[in-house]
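Take a look at the structure set out below.
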Amino acid sequence: MSDASKFMKTITVLNGPNLNMLGLRQPHIYGASTLDDVENLCAETAFELGLGIDFRQSNIEGELVSWIQECRGRSAGIIINPAGYTTTSIAMLDALLIADQPVIEVHITNIHKREEFRHHSYISKVATGVICGLGVAGYALAMRAMAGILADQQEDDQ
Ligand code: DHK
């Protein structure tokens, strides 16, 4: 391991249920990009920003909760598309309340323009910011915003 990678900050990007079906899933709503495309976009953006990345997806709420817990002490920031758990998961909210790093919430679609049941988010209660409706480009924007937040944090620490 080089000195640079030893000290490189890692961003965890978590994806909730059904996002593994991107590309096949209602492409008129979610677009044609696959989750692999999103991972490549995040990896390229991370490389450009000098950040490491840990990109994951699960259809299981408990697994997402465990991954959020594992971020403690290992990850500098969490970017999360909670997908279908956005509107229901107090367990994920509680896990994020314990987390000690900034959180950015991403939705591919504009959830406020869609069915009313998609409008409320438990995750927004802990998110520094929310990006929605900008397609998968929202992930790259979230990475850039996270890099800015981490740079500000570093300045404050000095
Ligand atoms: C993804 C989902 O799976 C939905 O359950 C959300 C979100 C919207 C998205 O836009 O990325 O309602």
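Read the numbers this way: they start at 1 and go in the same order the structure lists the ligands and their atoms.
In this structure, Thr86 falls outside the shell of residues with a heavy atom less than 4.0 angstrom from ligand 1. Remark: distances from the non-hydrogen atoms of Asn18 to ligand 1 are all 4.0 Å or more. Taking a 4.0 Å cut-off on heavy atoms, His119 fails to register as neighbouring ligand 1.
For ligand 1, the polar-atom distance check against Gly84 finds a nitrogen or oxygen pair separated by under 3.5 Å. For a threshold of 3.5 Å applied to N or O pairs, the pair formed by Ile111 and ligand 1 contains no separation below that value. Looking at His107 next to ligand 1, no N or O pair under 3.5 Å apart turns up.
Using a 3.5 Å distance cut-off with no hydrogens or angles, the side chains of Tyr30 and Asn18 do not pair a donor with an acceptor. Side chains of Lys9 and Gln154: a donor on one and an acceptor on the other come within 3.5 Å. Glu61 and Asn59 share no side-chain donor-acceptor pair at under 3.5 Å. Between the side chains of His107 and Glu105, at least one donor-acceptor pair of N or O atoms lies under 3.5 Å.
Ring centers of His120 and Tyr122: under 6.0 Å apart, within the cut-off.
Side-chain atoms of Ser75 come within 3.5 Å of backbone atoms of Thr10 as a donor-acceptor pair (strictly under, hydrogens ignored).
Here the heavy atom of the protein found nearest to atom 9 (C) of ligand 1 is Ile108 N, 3.3 Å. Among all non-hydrogen protein atoms, the one lying nearest atom 6 (C) of ligand 1 is Arg118 NH1, 3.8 Å.
Interface of Thr109 with ligand 1, defined as ligand atoms under 4.0 Å from a residue heavy atom, comprises 8 (C), 9 (C), 10 (O).
Annotation: Glu116, atom CD; neighbour count of heavy atoms from other residues, nucleotides and ligands within 6.0 Å does not exceed 12.
Using a cut-off of 4.0 Å between Lys/Arg side-chain N and Asp/Glu carboxylate O, Arg56 and Glu63 are scored as not salt-bridged.
Counting heavy atoms only, Tyr30 comes closest to atom 2 (C) of ligand 1 of the residues Phe117, Tyr30, Tyr85, Tyr139.
With a 4.0 Å cut-off on non-hydrogen atoms, Arg25 touches ligand 1 through its side chain and not its backbone.
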